[in-house]
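What follows is a short report on a single structure.
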2 protein chains.
Amino acid sequence: MGRPKTYQRDAMVAEAMQLFWLHGFEATTTQMLVERLGINRFSLYAEFGSKQGLYEASLDRYDQDVVAHHFGPLERPGAGLCEIEGLLAFFASKGRAPGSHYGCLLCNVAVERAPHDLASHARVERYVSRISCALQSALQTALERGELAANVEVATLAAGLTATFLGLFVLLRAQTDPAILHDAAAAAIAQLRSLGATAAAEAQPPYP
Amino acid sequence: MGRPKTYQRDAMVAEAMQLFWLHGFEATTTQMLVERLGINRFSLYAEFGSKQGLYEASLDRYDQDVVAHHFGPLERPGAGLCEIEGLLAFFASKGRAPGSHYGCLLCNVAVERAPHDLASHARVERYVSRISCALQSALQTALERGELAANVEVATLAAGLTATFLGLFVLLRAQTDPAILHDAAAAAIAQLRSLGATAAAEAQPPYP
DNA sequence: CTAGTTTCTAACTGCTCGTTCCGTTATTGT
DNA sequence: ACAATAACGGAACGAGCAGTTAGAAACTAG
């Protein structure tokens, strides 16, 4: 039934994702997409309808592949403090490393397009909810295991770590001084460990 | 000597800053600049040389005005924990407030342009250094006053708060759920207060 | 083989971009 | 008054943009 396609949709989305990740939506041109993906414009529009369509497919792919790869371990039932600390240490070690200037695609999208594009906004909202829930789940497990003091507010702490991760992604993207990146993660790890020490159980009045 | 200018350079930069702040560099067109600034293209290029020149002037103005307005209080000698907590609470209260989707211009630039533009990169590096030093200065004062336990590593904690602030700016920009924004700031404030309690003085082995 | 269907190639469409140029207008020193 | 000077308004530039189209090419069902 007709001439067969010379491309595979999945491979196209994977390549497009790299371009949007590195350059953002506006700075990624159809010319760049056509050259990188090795296909023609016609097929691109036949398959995705528009640059925006390919962009949205790229965001969904990023969530399924990259976010799942890094935050998936936190979503698994057995995950606790160890996995959170490991992830913080992992990102902290990447300061100015090759490829680190990609940052996090969905964090980049949150800044570049979420305020102006509904599709981007929805995916960023889902993303923030996902990593914050993943963190909360791991913290809850840690609390039940006694790795955290019983009076720790896991939802609040998860939100704090979510902001910390986003901050790390900005620092990675901007290729700033790796020392700050390292120290930022070290501070978060130190906070987690201090909340495990029984000493921390002396409750502070929570901020409203 | 010749016809006088009908514009004031300072007012032009202030207006341009708003546009770059809201839309970023790529999405801000010369047409938008000409209309918003109320001047003609010729004057724009005579005064700034290029869109990039006006952009760089806008970044410098942002650092001098907006960053100074919010982080200046932390840089003053008397500043301590109170000022840091106040700033966290201030940004946390702005979730989905009118204008909050502007986020922070230099955080936006860190994501959109710092990896690809040298001028942006330099200003972001200076910005991160500025807010991290401002925080460290206030933390040091707090430590000397006894608001923080003596064994607190102020440099590490300052880096952690820097990442937290950048994370808050991303969340503001993306107009996500205000509850996460609020909780993220609450977690940082709780951390600061717990480090003041003598209980926290039981040293944790620092993360390397 | 052939008719029908689908993809591919590559030129092309308006359109908008950042930037430049030119004739006009307003001001100043003499 | 009158050049000289400098900014004004607007048109125009080439380049590059997202998206389209027409015809050639490749496959399959019958």
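Lettering follows sequence order; numbering is per chain, from 1. All values below come from the heavy atoms of this structure, side chains included, with hydrogens, waters and symmetry mates left out. Please read these numbers as outputs of a predicted model, since none were measured by experiment.
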Restricting to ring pair (Phe, Tyr, Trp, His ring centres under 6.0 Å), what partner residues turn up for B/F48, sequence neighbours left out? none
What pairs with A/Q31 under side-chain hydrogen bond (donor to acceptor under 3.5 Å, both in side chains), at least two apart in sequence or on another chain? A/E35, A/R41
In residues 111-123 of chain A, what residues come within less than 4.0 Å of DNA chain D, judged by heavy atoms? none
Nucleic acid footprint by protein, nucleotides 3-11 of chain C - heavy-atom cut-off 4.0 Å, B for base, S for sugar-phosphate alone: --BBBBB--
Would you mind telling me which of A/L106, A/V109, A/V13 makes a side-chain contact (heavy atoms from CB on, under 4.5 Å) with A/Y62? A/L106
Listed partners of A/H121 passing side-chain hydrogen bond (donor to acceptor under 3.5 Å, both in side chains), at least two apart: A/E125
Take the protein atom CD of B/Q31 and the nucleotide atom C1' of C/dT20, then report the distance between them rounded to whole Å. 15 Å
For B/D65, the side-chain hydrogen bond (donor to acceptor under 3.5 Å, both in side chains) test, sequence neighbours excluded, returns none
Report all side-chain donor-acceptor pairs from residues 184-191 of chain B shorter than 3.5 Å, counting only partners two or more places apart or in another chain.
none

From CD of B/Q52 across to P of C/dC17 the rounded distance in Å is 18 Å
Mind running a 4.0 Å heavy-atom check of residues 13-30 of chain B against DNA chain C and sending the residues that fall below it, in number order? B/T28, B/T29, B/T30
Looking at B/F165 versus B/F71, is the centre-to-centre ring distance below 6.0 Å? yes
Can you measure B/K51 atom NZ to C/dC17 atom C1' for me and round it to whole angstrom units? 8 Å
My understanding is that only residues two or more places apart in sequence, or in another chain, count here; which of them pass ring pair (Phe, Tyr, Trp, His ring centres under 6.0 Å) with B/H116? A/H23
For B/Y127, enumerate each residue passing the ring pair (Phe, Tyr, Trp, His ring centres under 6.0 Å) test, keeping only those at least two apart in sequence or located in another chain. none
Grab the CG-P distance between B/L33 and C/dT19 for me, whole Å please. 11 Å
Not counting sequence neighbours, which residues clear side-chain hydrogen bond (donor to acceptor under 3.5 Å, both in side chains) with A/E75? List them please. A/R130
Using the test side chain to side chain contact (heavy atoms under 4.5 Å, CB included), find all partners of B/Y7 that sit at least two apart in sequence or belong to another chain. B/K5, B/M12, B/I39, B/S43, B/E47
Can you check the B/Y45 OH to D/dG10 P distance for me, whole Å? 18 Å
Can you measure A/M32 atom CE to D/dA15 atom P for me and round it to whole angstrom units? 20 Å
Separation of D/dG19 atom C1' from A/F48 atom CZ, nearest Å, is 16 Å
d(CG, B/L44; P, C/dC21) in whole Å: 16 Å
